[in-house]
Amino acid sequence: MNYRITVLPGDGVGPEVMAEGMKVLEAVAKKFGHTFKLEYELIGAVAIDKTDFALPEETLKMCKKSDAVMLAAVGDPRYDDPKLPVHPEDGLLALRKGLGLFANIRPVKVFDELVNASTLKAEVLKGTDFIFVRELTGGVYFAKPKKEWLTTKGRKATDSMTYSEQEIERIVRVGFELARSRKKRLVSVDKANVLKSSRLWRQVAIEVSKDYPDVALSHVLVDACAMQLIRTPTAFDVIVTENLFGDILTDESAQLAGSMGMLPSASLAGIPQSGKPTFGLFEPIHGSAPSIAGKDIANPIATILTVAMMLRYSLALEKEAASVEKAVEVVLKQGYRTDDIMADGNTRVGTRQMGDLIAAEV
Ligand code: IPM
Ligand code: MG
């Protein structure tokens with residue numbers, strides 16, 4: 001089959017890890033007889049440099065015409081000053097909103113080979129394998145109003161958390177669908193002991209659960225969830241939560257896997273149902289890591305696993321996705337490691353070599 005993919009390498013280590021992701025995609029194309037037409041576009045700081053916009057119109061247009069979008073990372077310390085009119089991150093937020101990507105799926109899987117790469121005890125981590133479903137186009141991130149103003153007593157600022165029942169329902173459904181395809185347990189995370197928006201969230205989750213009698217729904221407060229995630233990460237299977245809670249908890253969870261360099265993510269515009277393609281944006285969880293950019297040391301595995309998610313969710317190519325995931329596992333078993341996951345007895349490799357090894361294994 002022929003597929004059209006928009007590729008957004010972005011900033012920092014973005015272009016390097018994306019090159020490895022595309023190398024692996026090329027290996028999939030050869031092995032399974034597909035053609036992936038890649039269209040490279042700008043986003044983030046590189047886009048601001050060239051066009052003054054973090055998300056040029058041309059980029060958004062191209063994304064809308066493609067079957068899926070791959071993005072590596074945005075962010076650049078040159079644009080850190082909060083007083084600047086535009087920031088690289090604005091491009092990512094505009095892309096999520098512009099493409100209607102309300103469902104962010106972040107799997108957290110601790111590979112057996114890497115249980116010693118984390119700061120947590122191996123016996124706590126072993127077997128950890130869950131999926132976060134984070135709401136991505138609502139909540140405080142897209143608050144209205146979102147502003148800072150001057151009062152007679154000094155400055156004030158606001159971003160309030162608002163959710164409609166429709167927004168809650170569709171994201172909770174994503175959680176139920178994924179739970180149904182796994183261990184049939186869904187944890188909904190909120191702050192219903194304090195927040196009105198969370199009380200509505202919980203109510204809607206309970207209402208939607210009537211359509212999924214085969215899935216056990218439970219509710220956990222966000223602070224307790226933060227604690228349980230590092231105490232007994234193996235207790236979780238599918239977790240659904242709102243935007244900001246999800247942002248925080250997924251970074252925390254990334255530490256379970258030993259390195260941010262290991263985790264992929266998908267942001268979908270629809271409710272995924274197995275075997276049916278859903279348009280989405282696919283990106284590793286990590287940022288642009290400017291301090292290690294251009295040095296051939298960044299871990300490309302998150303981007304490579306992101307390619308697998310794209311194959312699975314947006315192209316409905318399950319076999320192909322599984323072959324990429326398997327290849328990553330094999331190469332880790334062989335002892336090859338980038339800097340971030342290096343331990344005694346392993347073989348240190350750079351970004352490109354890691355990509356070569358995984359592509360060869362596909
Ligand atoms: C993430 C990132 C983004 C977010 C930033 C870069 C805007 O932290 O994808 O989790 O907060 O959503
Ligand atoms: Mg984040």
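The chain is numbered in sequence order, starting from 1.
Contact check for I131 versus V108: no side-chain heavy atoms found under the 4.5 Å cut-off. Side-chain atoms of L92 and R96, non-hydrogen and from C-beta on, do get closer than 4.5 Å to each other. Side-chain contact check for T303 versus E20: every heavy-atom pair is 4.5 Å or farther apart. Counting only heavy atoms from C-beta outward, the side chains of L229 and I239 approach each other to under 4.5 Å. The shortest distance between side-chain heavy atoms of L221 and V189 does not fall below 4.5 Å. By the 4.5 Å heavy-atom criterion applied to side chains, M22 and V7 are counted as neighbours. Contact annotation: the side chain of L249 approaches that of C225 to within less than 4.5 Å [non-hydrogen atoms, C-beta and beyond].
A distance of 10.0 Å separates CD1 of I171 from CD of E167, quoted to the nearest 0.5 Å. One finds the NZ atom of K276 at 15.0 Å from the OG atom of S314 (value rounded to the nearest 0.5 Å). Atom CG of residue L268 and atom CG of residue L99 lie 11.5 Å apart, to the nearest 0.5 angstrom. Note: K147 NZ to T158 OG1 = 8.5 Å, rounded to the nearest 0.5 Å. Taking NZ of K183 as the reference point, atom CG of L178 lies at 14.0 Å (rounded to 0.5 Å). Interatomic distance, R78 CZ to I48 CD1, rounded to the nearest 0.5 Å: 8.5 Å.
Residues I358 and M342 are members of separate hydrophobic clusters, defined by side-chain heavy-atom contacts under 4.5 angstrom among Ile, Leu, Val, Met, Phe, Trp and Tyr. Hydrophobic clustering (side-chain heavy atoms under 4.5 Å, transitive across Ile, Leu, Val, Met, Phe, Trp, Tyr) groups V328 together with I105. One hydrophobic cluster, built from ILVMFWY side chains closer than 4.5 Å, holds both Y336 and I341. Criterion: ILVMFWY side-chain heavy atoms under 4.5 Å apart, direct or through other members. Under it, F132 and M227 are not part of a common hydrophobic cluster. Under a hydrophobic clustering in which Ile, Leu, Val, Met, Phe, Trp and Tyr are joined whenever their side-chain heavy atoms come within less than 4.5 Å, directly or via other members, M18 and L8 fall into different clusters.
With V307 as reference, L25 is the one residue of V28, I5, L25 to meet the side-chain contact (heavy atoms from CB on, under 4.5 Å) rule.
When all heavy atoms of S188 and L217 are compared, the closest pair comes out as CB-CD1, 4.0 Å. Considering all non-hydrogen atoms of both residues, P284 and A302 come closest at CB-CB, 3.6 Å. The shortest non-hydrogen separation linking G246 to R134 is C-CD, 3.7 Å. Of all heavy-atom pairs between G12 and A293, the closest is C-CB, 3.5 Å. Between K64 and G98, the closest heavy-atom pair is CE-O, 3.7 Å. Nearest heavy atoms, C63 versus L95: SG-CD1, 4.0 Å.
Put simply, the side chain of K295 gets close to the backbone of S291: a donor and an acceptor are under 3.5 Å apart. Remark: side-chain polar atoms of E325 are not paired, donor with acceptor, to backbone N or O of A308 under 3.5 angstrom. At distances below 3.5 Å, not a single donor-acceptor pair connects side-chain atoms of D159 with backbone N or O atoms of A143. When atom types are taken as modelled, the side chain of R173 and the backbone of I168 share no donor-acceptor pair closer than 3.5 angstrom. Between the S118 side chain and the Q255 main chain, a donor and an acceptor come within less than 3.5 Å of each other. For H286 (side chain) and M262 (main-chain N/O), no donor-acceptor pair under 3.5 Å exists by modelled atom type. Side chain of E57 to backbone of L60: no donor-acceptor contact under 3.5 angstrom is found. For T59 (side chain) and L42 (main-chain N/O), a donor-acceptor pair under 3.5 Å exists by modelled atom type. Of the possible polar contacts, none joining the S66 side chain to the V69 backbone as a donor-acceptor pair under 3.5 Å is found. Remark: side-chain polar atoms of T137 are not paired, donor with acceptor, to backbone N or O of G100 under 3.5 angstrom.
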Stepwise, does the side chain to side chain contact (heavy atoms under 4.5 Å, CB included) test hold for K23 with I304?
-> CA-CA 9 Å; K23 197 182 270 175; I304 291 167; over 6 Å; no
Using the side chain to side chain contact (heavy atoms under 4.5 Å, CB included) rule, take E252 and I248 through it: C-alpha gap first, then chi angles, then the decisive distance, then the call.
-> CA-CA 6 Å; E252 183 191 13; I248 300 167; 5.8 Å; no
Could you go through the side chain to side chain contact (heavy atoms under 4.5 Å, CB included) check for R182 and V238 one step at a time?
-> CA-CA 8 Å; R182 293 170 55 99; V238 181; 3.9 Å; yes
Trace of the salt bridge (charged side-chain N to carboxylate O under 4.0 Å, His left out) decision for K156 with E148 = CA-CA 6 Å; K156 269 196 178 183; E148 182 182 316; over 6 Å; no
Begin with the C-alpha distance, continue with both residues' side-chain angles, and end with the deciding distance and a verdict on side chain to side chain contact (heavy atoms under 4.5 Å, CB included) for V240 and V174.
-> CA-CA 8 Å; V240 64; V174 173; over 6 Å; no
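Using bins of under 30°, 30° to 60° and over 60° for the plane-to-plane angle, the ring pair H34/F32 lands in the parallel bin.
Geometric assessment of K97 against the ring of F142 yields a positive cation-pi assignment under the 6.0 Å and 45° thresholds. Both the sub-6.0 Å distance and the 45° axial angle are satisfied by R170 relative to the ring of F102.
Between N2 and T35, the side chains place a donor N or O and an acceptor N or O closer than 3.5 Å (distance only, hydrogens not considered). A donor-acceptor pair shorter than 3.5 Å cannot be found between the side chains of D11 and S288. Of the N and O atoms on the side chains of N104 and R106, at least one donor lies less than 3.5 Å from an acceptor on the other residue. A donor and an acceptor atom, one from each side chain of Y79 and D90, are nowhere located under 3.5 Å apart. For the 3.5 Å distance criterion, the side chains of Y141 and D247 qualify, holding a donor opposite an acceptor.
Taking 4.0 Å as the cut-off between side-chain N and carboxylate O, D190 and R199 do not count as a salt-bridged pair. D237 and R185 are not joined by a salt bridge, as no carboxylate oxygen comes within less than 4.0 angstrom of a charged side-chain nitrogen.
Sorted by first and then second residue, the ring pair (Phe, Tyr, Trp, His ring centres under 6.0 Å) pairs involving residues 163-184 (not counting sequence neighbours) are Y163-W201, F176-Y212.
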